[in-house]
Structures are given as structure tokens and as C-alpha cells.
Protein chains: 2
Amino acid sequence: MSNVPNVNSFEFLAASCKALSHPARLEILQTLALRGTCICGEIVDVMPLSQATVSQHLKVLKDAGLISWENDGQKSCYCINNETIRVLREKIEGLFGSLDNCC
Amino acid sequence: MSNVPNVNSFEFLAASCKALSHPARLEILQTLALRGTCICGEIVDVMPLSQATVSQHLKVLKDAGLISWENDGQKSCYCINNETIRVLREKIEGLFGSLDNCC
DNA sequence: ATCGTTTATCGTCGATATACGATATAAGTA
DNA sequence: TACTTATATCGTATATCGACGATAAACGAT
């Protein structure tokens with residue numbers, strides 16, 4: 001949890017949701033969720049966006065801590081950061097989990 | 001579900017996350033989750049923002065379908081739209097639910 | 001060393017978000 | 001009818017986003 005930014009208060013949840021607030025980034029996450037791991041080029045191939053734009057979206061996800069990456073030679077290997085996703089899901093359940101039975 | 005906008009594809013999830021992507025709006029939702037129902041003025045009193053700004057945030061949440069409201073005389077009564085929240089949580093689980101065991 | 005490949009970053013620009021004061025609207029009250 | 005209260009909207013200023021071409025940086029291959 002120490003490597004997850006801004007875990008407390010609403011800052012973390014707001015920042016995470018902001019990172020999730022673009023369809024292209026959700027598509028990237030889905031791709032990573034399905035494949036486990038992707039090099040940048042694979043993601044670019046899947047997306048109808050320029051390499052620069054995809055790289056920018058990857059950076060947003062990276063900065064939010066939602067994905068991790070490591071260099072494999074000249075390639076960049078991305079995967080979902082499960083710890084952050086876990087905390088995110090917890091926060092969402094914490095906020096909305098009590099609503100099931102009301103209204 | 002018919003009154004929930006853009007339920008299919010990532011558009012709904014992205015739009016919902018965008019609405020959730022500001023700490024002030026999360027605080028509004030938390031207040032509503034705790035109290036069940038609030039008139040606008042109660043929310044304004046809780047927030048360190050101007051009435052105009054709070055009203056604008058409420059509009060964002062309203063437009064995203066995350067909250068409902070009805071007029072009570074000259075007052076506006078807001079509450080969480082549980083149906084949208086339910087769909088939202090489903091979509092998030094759909095995207096990330098399979099990650100529990102990996103990496 | 002030079003060249004091609006892969007990825008990240010820069011610079012730019014139109015669009016959108018955020019905040020607030022001012023104002024409009026609508027409902028209750030004297 | 002005037003006055004107050006409650007809320008929404010308008011107008012505006014500033015900041016951030018999202019897209020892309022151009023370029024930089026790092027690596028592998030010849």
C-alpha cells in the first residue's frame with residue numbers, strides 16, 4: 001500500500017476516477033486485464049489513436065498508479081497494478097456499499 | 001435501467017467516473033449516502049464552496065444520473081440514484097473482477 | 001558508426017472543467 | 001404587493017484535458 005498514492009480521503013478516489021474517466025483508458029485497462037501484460041506497441045495497435053496519444057493515456061494511468069510497467073530492452077511492458085485496483089474497489093464499496101437496501 | 005444513460009460500452013463507465021473524479025462531488029455523494037436525502041442548502045452548508053459551485057457540482061452528478069432530485073416547495077431535495085450506482089459497481093466489477101488472483 | 005524500431009516527451013491548439021460573483025427565478029412570508 | 005429565502009443559471013477567468021505531429025532518447029541490428 002505504500003506505493004499507492006493518496007490512499008486517504010477522497011483525493012485518491014477522485015484521482016483514480018479521473019484516470020478512469022476516458023473510454024480509451026478503460027479500453028487500455030480492459031486489454032491489460034484480458035492479456036495480463038502488454039508491450040506498448042500492442043496497445044497502440046489495438047487503439048484507433050496515435051502512438052503519442054496512447055503513450056499519453058498510459059502515462060495518466062501510470063501516474064495514477066493503476067498500471068505498472070518495466071522496460072524490456074527498448075520495449076515497455078505494462079500490466080495492471082492489482083494493489084491499486086484493490087484499494088480503489090474497497091474505497092468505492094466503502095462509499096456506496098451501504099446503499100443496497102435503501103430508497 | 002431505461003433511465004440510466006449510456007449503459008453500454010465504456011461510455012457509461014467513463015462518464016460516471018468523470019462525475020466521480022472531483023473530491024467535492026465525492027463528498028456530496030458521501031453526505032447523501034449518510035443522510036439518505038438532503039436539501040441543497042444542507043449540502044452547501046457542509047461544503048467549503050460557494051452556493052453556485054455546489055449547485056454546479058450537483059448538476060454534474062445529476063447529468064451523470066448518479067443522483068436524483070425533486071422539488072419540495074422552493075427547496076431541492078437530492079438523493080443518490082441507487083440504480084445507476086448499482087450499474088456502475090457492476091461495470092467496475094466486470095472490468096476488474098477477474099483480477100483477484102493474478103500477478 | 002549508422003540505421004531502423006520502439007517509446008516518451010514537447011509544443012500547440014481547441015475544447016472542457018472549475019470556481020465565483022452577479023443575476024434570474026420561483027416560492028414562501030409579512 | 002413588497003421582502004426574504006432557496007436554488008439555478010449566466011458570464012467570465014483560469015486551468016487542465018485530449019489529440020496529434022514533430023522530435024528526442026534508447027536500444028538492437030547491420
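The figures here come from the full heavy-atom set of this structure, side chains too, leaving out hydrogens, waters and symmetry mates. In the text below, chain A, chain B and the rest are named by the order of the sequence lines, each starting its count at 1.
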Is any side-chain heavy atom of B:Phe12 closer than 4.5 Å to one of B:Thr84?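 Of all side-chain heavy-atom pairs linking B:Phe12 with B:Thr84, at least one is under 4.5 Å.
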Is there any ring-ring contact (aromatic ring centres under 6.0 Å, His included) pair reaching into residues 28-54 of chain A, and which pairs are they, with sequence neighbours excluded? none
Quick check against the 3.5 Å criterion: does [X] have a side-chain atom that pairs as donor or acceptor with the backbone of [Y]?
| X | Y | answer |
| --- | --- | --- |
| A:Thr31 | A:Glu27 | yes |
| B:Asn81 | B:Gly65 | yes |
| A:Ser55 | A:Ala52 | no |

ILVMFWY cluster, A:Phe96 and A:Val87 together (side-chain gap under 4.5 Å): yes
Are B:Met47 and B:Leu32 linked, directly or through intermediate hydrophobic residues, by side-chain heavy-atom contacts shorter than 4.5 Å (ILVMFWY only)? yes
Under the rule for side chain to side chain contact (heavy atoms under 4.5 Å, CB included), what residues qualify as partners of B:His22, not counting sequence neighbours?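 Counting only residues at least two positions away or on another chain, B:His22 forms a side chain to side chain contact (heavy atoms under 4.5 Å, CB included) with B:Ala24, B:Arg25, B:His57.
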Could you tell me which residues satisfy side chain to side chain contact (heavy atoms under 4.5 Å, CB included) with A:Ala33, sequence neighbours excluded, listed by chain and number?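 Residues passing side chain to side chain contact (heavy atoms under 4.5 Å, CB included) with A:Ala33: A:Ile80, B:Leu99.
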Taking 4.0 angstrom as the limit, do A:Glu93 and A:Arg89 come out as a salt bridge? no
Could you go through nucleotides 1-11 of chain D and list every protein N or O atom that sits under 3.5 Å from one of its N or O atoms, giving the distance for each pair?
residue : atom : partner : partner atom : Å
D:dT5   : O2   : B:Gln74 : NE2          : 2.5
D:dA6   : O4'  : B:Gln74 : NE2          : 3.4
D:dT7   : OP1  : B:Cys40 : N            : 3.3
D:dT7   : OP1  : B:Ser76 : N            : 3.4
D:dT7   : OP2  : B:Gly41 : N            : 2.8
D:dT7   : O3'  : B:Ser76 : OG           : 3.0
D:dA8   : OP1  : B:Ser76 : OG           : 3.1
D:dA8   : OP1  : B:Tyr78 : OH           : 2.5
D:dA8   : OP2  : B:Ser55 : OG           : 3.1
D:dA8   : OP2  : B:Tyr78 : OH           : 3.4
D:dA8   : N7   : B:Gln51 : NE2          : 2.8
D:dA8   : N6   : B:Gln51 : OE1          : 3.0

Quick check for you: name the first and last nucleotides of DNA chain C, 5' to 3', having an atom under 4.0 Å from a heavy atom of chain B.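 Extent of the interface on DNA chain C: C:dA17 to C:dG28.
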Residue met sooner reading DNA chain D from 5', once A:His57 and A:Gly73 are mapped to nucleotides: A:His57
Taking only heavy atoms on the protein side, list every residue of residues 21-35 of chain B lying under 4.0 Å from any atom of DNA chain D, sorted numerically.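 The stretch gives none, as no residue of it lies under 4.0 Å from the strand.
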